[in-house]
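For reference, the structure discussed in these notes is given below.
Throughout, a chain's letter reflects where its sequence line sits, starting with A, and its residues are numbered from 1. Just so it is clear, the values below take in all heavy atoms, side chains as well, and ignore hydrogens, waters and symmetry mates.
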There are 2 protein chains.
Amino acid sequence: MASKGRPGRSADDERKGRSRTPEGRRLAVDERRAQLLELGLELFAATTYDELSIDAIARAAGISKGLLYHYFPSKRDYYVATVRVAAERLLAATEAASADLDAPPLVLLERGLDAYLDFVERHGQAYAALLRSGIGSDPEILELVDGTRSALAGRIAARIGVDEGDALAHTALRGWIGFVEVTSLEWQRRRDLGRERLRELMAAMLLAALLAAGVDLGELAGA
Amino acid sequence: MASKGRPGRSADDERKGRSRTPEGRRLAVDERRAQLLELGLELFAATTYDELSIDAIARAAGISKGLLYHYFPSKRDYYVATVRVAAERLLAATEAASADLDAPPLVLLERGLDAYLDFVERHGQAYAALLRSGIGSDPEILELVDGTRSALAGRIAARIGVDEGDALAHTALRGWIGFVEVTSLEWQRRRDLGRERLRELMAAMLLAALLAAGVDLGELAGA
DNA sequence: AGCAGCTATTGAACTTGAGTCAATAGCTGG
DNA sequence: CCAGCTATTGACTCAAGTTCAATAGCTGCT
């Protein structure tokens, strides 16, 4: 262990993209932490968890790897903290939109959904990353899972004869697949719902989805 | 590079859990590959992607790390191949159940859903892993994302006055959240659907979900 | 039967990236 | 202006994925 340490921005810094917060060093703890979280929100939205190395994060923040570990005990923790911020913001945004007054419930619903969609539009990438439930999400895997959903939805669409270009109907079908997946997981976890009931719920929701999308259900009802 | 190689099961093998396929070595390519995929299905269902090391896989298969790399170019590829098998089986199972005859569509729907639920019941863990869209899925992150969903669903449930113990209603609400998430992603990706339309679809589906779950909508319709 | 060649299989070495730690530099109050 | 606290650093450790030349076990041919 010979000559070590050279904190601070002497000599040849600034050379490799470490340009953020140019004033440089020794921020107050809270500021640094906030800065890192904000940065994490950006970075994790743009890149996958494990494509983003600690070194890259540190470089982007203009600090050393060690310092990052001073603020977050591990890369995971850093990531989790980041996602937590995103989740809090999503909840806050929708809360603010719908909790305020005592307007008619349907109006509140409309406002809440609007706030939600605003969030999606604004933080597109981050939102998607959030829903992917994090870490990893190999593109190939996503494609596979997505392909499976498409196959299921497409099968039904074909059977019913949904028009290929009917965006609303296709979105509704995809959404229904989402409904089926989530309720399946929920059903599996809590064991308090009969399988029959669940199946009926799913079937009813498919009809509702098609109906809401304006699909002609004549064929379904018929033979 | 001095004295190397000692393929085969001489001496002290069998000692560390390398007991699978006891006959041992030099399987035909297809058999090995099939064996490894089947094993992967088990292992990845039980453990997270990155909690499962290549060494652990090799040990469980009773082969060397190198051989695994002979069959799959990387850990990722191995994982992807495994998920692909699962997806194929899911599609095949539902296909078989619903494609056969030309019975009434509603009956086919029922059969298809039954097949789906069978799959979920049988491969519970693997199914969940598949839907988590793979790699990673840190438990803390899952809890966070799940908590966010719960918060959203709970907010609505409270507003409407859903009974705390009403499993069907809660499942339906959770499912609706899934619907909202999936359609949001879809809306964001394909740009062919108006925001208004999407919001209306979501709202209609919430009512449908509550209705299907037998919740009294009197309050919603009223002031 | 025995040998030759093909290839499944191995073990060790290489590489990369996460996590650790003692040393140092920059504030801040006395 | 110095002393002490702490934000910050850079090199080191370690685990896990990946590579590769060497080897052993089949398989068919003579």
Within-4.5 Å side-chain heavy-atom neighbours: V182(A) and E181(B):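 SC-SC contact between V182(A) and E181(B) ruled out.
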Gap between atoms [atom1] and [atom2], on [X] and [N] respectively (whole Å):
X      : N       : atom1 : atom2 : value
L68(B) : dG11(C) : CG    : P     : 14 Å
Q35(A) : dA7(D)  : CD    : P     : 15 Å
E31(B) : dT7(C)  : CD    : P     : 17 Å
L27(B) : dG25(D) : CG    : C1'   : 12 Å
H70(A) : dT24(C) : NE2   : C1'   : 14 Å
L36(B) : dT9(C)  : CG    : C1'   : 12 Å
I63(B) : dA24(D) : CD1   : P     : 19 Å
L67(B) : dA24(D) : CG    : C1'   : 13 Å

For Y69(A), ring-ring contact (aromatic ring centres under 6.0 Å, His included) partners two or more places apart: none
Partner residues of H170(A) under the ring-ring contact (aromatic ring centres under 6.0 Å, His included) criterion, sequence neighbours left out: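 Counting only residues at least two positions away or on another chain, H170(A) forms no ring-ring contact (aromatic ring centres under 6.0 Å, His included).
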For A58(A) against S64(A), the heavy-atom pair lying closest together: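 Here A58(A) and S64(A) meet closest at CB-C, 3.8 Å.
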Side chain to side chain donor-acceptor pair (under 3.5 Å) involving E51(B) - partner list, sequence neighbours excluded: T48(B)
Would you list the protein and nucleotides 17-20 of chain C atom pairs, both N or O, that sit under 3.5 Å from each other?
residue: dA18(C); atom: OP1; partner: K75(A); partner atom: NZ; Å: 3.0
residue: dA18(C); atom: OP2; partner: I54(A); partner atom: N; Å: 3.0
residue: dG19(C); atom: OP2; partner: Y69(A); partner atom: OH; Å: 2.8
residue: dG19(C); atom: OP2; partner: K75(A); partner atom: N; Å: 2.9
residue: dG19(C); atom: O6; partner: K65(A); partner atom: NZ; Å: 2.8

Bend angle of the helix from dA1(C)-dT30(D) to dG30(C)-dC1(D), from helix axes over five pairs at each end, nearest 10°: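 The end-segment axes of the helix from dA1(C)-dT30(D) to dG30(C)-dC1(D) are tilted 0° relative to each other.
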Output all residues satisfying side chain to side chain contact (heavy atoms under 4.5 Å, CB included) with [X], sequence neighbours left out; order by chain, then residue number.
X       : answer
E88(A)  : R84(A)
A56(A)  : L52(A), S53(A)
D166(B) : V162(B), D163(B), L168(B), A169(B)
R122(A) : D118(A)

Sugar-phosphate, base or nothing in reach of Y71(B), heavy atoms under 4.0 Å: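 Sugar-phosphate contact only.
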